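Before any comments, here is the structure.
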Amino acid sequence: MNFVSFPDCIITAQRHLGLLGATSVGVGAIVGGGILALAGVAFATTGPSAILAFALNGVIAVLTALSFAEMASKFPESGGTYTFSRKVLSVEAAFTVGWVVWFASIVAAVLYAIGFGSFTTLLISELYASGIITSADGSAPAWLGASWSPSAIAIATTLWLGMLMTFRSSGGGAWINVAKVLVFSVLIVGGFWALTQQPIAQSTRQLRPFLGAGWGGLIQAMGYSFIALQGFDLIAAVGGEVREPAKNIPRAMLFSLVIALCIYLPLLFVLVTVGSDGSLPIQELAAADPEAIVAITARHYLGTAGYWLVLVAAVLSMFSALQANLFAASRIALAMSRDQNLPSFLSRLRETSGSPWGAVLVTSALCCLLVLLLPDVAAAGAASSLIFLVTFAIAHWLTILVRQRSVLVPPPFRVRGYPAVPVLGGLACLALAVFQGIAVPQAGMITVMWLAIGGVLFLSLFAQRARLKDVSNIAANPELSRLRGKSPLVLVPIANPNNARAMIALADTLVPAAVGRVLVHTVVVASDQWDPSIDPQPRARMHSVMTEILTASTELGVRCETLTTVSPSPMEEIARVAKLHQCQSVLLGLSEITLDSNDTPLEGLLGQLASDVVVLRAPKDWHLDASQQILVPVGGRGGHDYLLTRLLSSLSRQQQRHVKFLRVVPTDTLRSDQKRIRKELDRTSQVNAGRVCEREVVLSNDPIATIAERAGDAGLVILGAQRLGPRRKLFGNFTREIAMHTDCPMIIISRSG
């Protein structure tokens, strides 16, 4: 007899970002790139009122940041909107949100990478043209004028950042943020200095007409430019790495937005008032060259120095935004991988730094690939904006759901003015998303195509493992059931008072009172014409059972409900009650299993129940807490994986237990098949990561004896019931043999269906 064991090794990331580091992520993503890219579009659309458009967008962004902050304080984990959805919605909905947010973050990184490449080539060209940099032949290198040079710089920078992030866990870039804020500060201070040298009448004339295209133009400008303030959500995306998250995440989000608005609004004001000579209004000037409007206006009031400052600010802003989006996108991939929604190697961490190198490298590679393949970068950017707006609206909705469902454990940070803040913020984000979808139809098409790709991948590769992981998460943290608006009910029929304590303890483990209900059912077995005054025996038996139930529930501190019914057919009555109350699970007690028990009443009951069934065989004085060792023989056919995962996670929720998965295969099994079986056993036990878990493959021609031998050292054995027919659940011969050859406590499970 040979066996191989596989120990588990789990590494978790450390919380290393303080308030400054978390704020740096937000500032790196928000400040600079958006204003440089979208100020011209806003001015061309609405004129000087672009200042008001950015201010109103700032209000919406603050409302959204407050909802994000409340959710992030409740769920201080990496993943952002994906994590919020996974806690409150279904696993399918969470995958959908995570899939599109990951894509949107990657596309945002692509846009900033291309912007960095373009501004870098322009800056180097200007340095050669001005003579600051010289070459041997006196001319600029030929590659600067090549069409491929911005893409090459973008890819090289992305790969370099990706490699850098695999060796350190922080997003970095703090000094770049300081540098670009200083550059923008110089532009603003220089603008106000120029304003003091200009007649007031000329300044006010530049602000007229303020609403260049009416209120409709103002709303359009808001729709085009809101994404310039996107980036605070990236702080939530890296929330699992922030120290004191309940305090630092809300502050970092608000600080990053305040810093951005303190730069954007004054800068827009000086661009309007002193950025032109008055021959053309800002709206017409921006319409002629929207991409260069900031550089043109800065050159007007600061001369050539203003133009150089804009170029430097652009390079720094694009670089820091690329870095922040890569950092956040990799953490979204990390969170999805840990939940089995993406390949597991994306969740691998470097031991020295805790960096998720798999997620970082894949995210960086996808970014580089999209730089090469995206035929319409502008449409992809619009799709990214649309996705962010929709997910912002979802975050507002989730904030309302979490506040309603977290009465016992409310979020540490709670928005004042609830529910006005999430309602108004959600409606505003949704309205801007509708505008974006109408203004750029290609954005909706790209989003739908990406969703279709994700749906195929999820259903074909990830669905089963992701759902198993979700079941494990819910069982390990029962509050998730309440957050999803569910209140599971487990029915516990008790006829033998000796089983009461063990049955109630197990039921409470499966469904804690704080999130669900335990309904203890006693059946008075008597005919329809039963007269208690004439035949008191059924009532006496019921009293003895109820006495033991009350004693056990009181000693265990389990708040359970009781239901007593009268029926001549107890098994049919149990089936009726289970159906009437729509029970998630039915927990049954069993004294023994014999080889000739095919026609027992319990077997008939199993065939009538449509819910999950858990059958407990345990001695009279058995205590659930005493079973530290759990043996799970695996046959390889599956069929009850979800119930098994739920049961094991529930059992290990309050105390550490040693779980061993055992697979017995014939001694003549080929080595290739043994390797495949070991991998299957690894996958089966992966959902139980986080508790002591062992996998053992045994080569033996007598599986019954092997399992019985291992069961002798275990405190509890869990078996799956054999399925015969579409709904009929029976104890198969294998289960009966194991039961006959072991004396230890045993749980037999059968999934609904």
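Counting begins at 1 with the first residue of the sequence. Computed from a prediction, not measured in an experiment: that's the story for all the values here.
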Can you confirm whether [X] sits close enough to [Y] that some side-chain heavy atom of one is under 4.5 Å from a side-chain heavy atom of the other?
{"X": "Ile35", "Y": "Ile263", "answer": "no"}
{"X": "Leu398", "Y": "Met71", "answer": "yes"}
{"X": "Thr304", "Y": "Trp308", "answer": "yes"}
{"X": "Leu261", "Y": "Leu229", "answer": "yes"}
{"X": "Asn248", "Y": "Ile235", "answer": "no"}
{"X": "His300", "Y": "Val274", "answer": "no"}
{"X": "Thr81", "Y": "Phe388", "answer": "no"}
{"X": "Phe269", "Y": "Leu195", "answer": "yes"}

Nearest 0.5 angstrom please: [X] [atom1] to [Y] [atom2], how far?
{"X": "Leu372", "Y": "Ile155", "atom1": "CG", "atom2": "CD1", "answer": "3.5 Å"}
{"X": "Leu234", "Y": "Ile30", "atom1": "CG", "atom2": "CD1", "answer": "8.0 Å"}
{"X": "Ser276", "Y": "Leu285", "atom1": "OG", "atom2": "CG", "answer": "6.0 Å"}
{"X": "Thr273", "Y": "Phe192", "atom1": "OG1", "atom2": "CZ", "answer": "7.0 Å"}
{"X": "Leu159", "Y": "Leu164", "atom1": "CG", "atom2": "CG", "answer": "12.5 Å"}
{"X": "Ser67", "Y": "Tyr418", "atom1": "OG", "atom2": "OH", "answer": "10.0 Å"}

[X] (side chain) donor-acceptor with [Y] (main chain) under 3.5 angstrom:
{"X": "Trp450", "Y": "Trp99", "result": "yes"}
{"X": "Asp233", "Y": "Gly231", "result": "yes"}
{"X": "Ser78", "Y": "Gly240", "result": "yes"}
{"X": "Ser185", "Y": "Val181", "result": "yes"}
{"X": "Ser49", "Y": "Thr46", "result": "yes"}
{"X": "Ser330", "Y": "Val360", "result": "no"}
{"X": "Lys180", "Y": "Val312", "result": "no"}
{"X": "Thr297", "Y": "Gly275", "result": "no"}
{"X": "Trp102", "Y": "Val97", "result": "no"}
{"X": "Ser130", "Y": "Leu127", "result": "yes"}

Under the rule for ring pair (Phe, Tyr, Trp, His ring centres under 6.0 Å), what residues qualify as partners of [X], not counting sequence neighbours?
{"X": "Tyr307", "answer": "none"}
{"X": "Phe392", "answer": "Phe68, Phe232"}
{"X": "Phe75", "answer": "none"}
{"X": "Tyr82", "answer": "none"}

Which heavy atom of [X] sits nearest a heavy atom of [Y], and at what distance?
{"X": "Ser317", "Y": "Ala313", "answer": "OG-O, 2.6 Å"}
{"X": "Leu361", "Y": "Gly162", "answer": "CD2-O, 4.4 Å"}
{"X": "Thr363", "Y": "Ala329", "answer": "CG2-CB, 3.7 Å"}
{"X": "Gln283", "Y": "Phe43", "answer": "CG-O, 3.4 Å"}
{"X": "Leu265", "Y": "Ala55", "answer": "CD2-N, 3.8 Å"}
{"X": "Val242", "Y": "Val238", "answer": "CG2-O, 3.6 Å"}

Take atom [atom1] of [X] as the centre, draw a 6.0 Å sphere, and report whether it contains more than 12 heavy atoms from other residues, nucleotides or ligands.
{"X": "Trp143", "atom1": "CH2", "answer": "yes"}
{"X": "Ile132", "atom1": "CD1", "answer": "yes"}
{"X": "Leu369", "atom1": "CG", "answer": "yes"}

Which pairs with one or both residues in residues 242-254 pass salt bridge (charged side-chain N to carboxylate O under 4.0 Å, His left out), sequence neighbours excluded?
->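 Sorted result for residues 242-254: Glu244-Lys247.
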How would you list all residue pairs meeting salt bridge (charged side-chain N to carboxylate O under 4.0 Å, His left out) that involve residues 61-77, not counting sequence neighbours?
->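 Counting only pairs at least two positions apart or across chains, the salt bridge (charged side-chain N to carboxylate O under 4.0 Å, His left out) contacts touching residues 61-77 are Glu70-Arg403, Lys74-Glu479, Glu77-Arg86, Glu77-Lys87.
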Under the rule for side-chain hydrogen bond (donor to acceptor under 3.5 Å, both in side chains), what residues qualify as partners of [X], not counting sequence neighbours?
{"X": "Thr64", "value": "His396"}
{"X": "Ser203", "value": "Gln198"}
{"X": "Ser385", "value": "none"}
{"X": "Ser364", "value": "none"}

Take Leu187 and Tyr301 through the side chain to side chain contact (heavy atoms under 4.5 Å, CB included) test and state the conclusion after the steps.
-> CA-CA 9 Å; Leu187 288 172; Tyr301 70 83; 4.0 Å; yes
For Ala287, all residues meeting side chain to side chain contact (heavy atoms under 4.5 Å, CB included), sequence neighbours excluded |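 Scan of Ala287 (side chain to side chain contact (heavy atoms under 4.5 Å, CB included), adjacent residues dropped) gives Ala44.
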Can I get a per-line list of side-chain donor-acceptor pairs under 3.5 Å for residues 209-226, giving both atom names and the distance, sequence neighbours left out?
from, atom 1, to, atom 2, distance (Å)
Ser225, OG, Asn57, ND2, 3.1
Ser225, OG, Ala221, O, 2.6

In terms of the angle between their ring planes, are Phe116 and Phe319 parallel, tilted or perpendicular, with boundaries placed at 30° and 60°?
->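 Aromatic pair Phe116/Phe319 classed tilted.
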Side chain to side chain contact (heavy atoms under 4.5 Å, CB included) between Phe327 and Glu241: does it pass, once the steps are laid out?
-> CA-CA 11 Å; Phe327 185 58; Glu241 300 177 45; 3.9 Å; yes
Would you kindly say whether Ser105 and Asn325 are connected by a side-chain donor-acceptor distance under 3.5 Å?
->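 Absent: no donor and acceptor within the cut-off.
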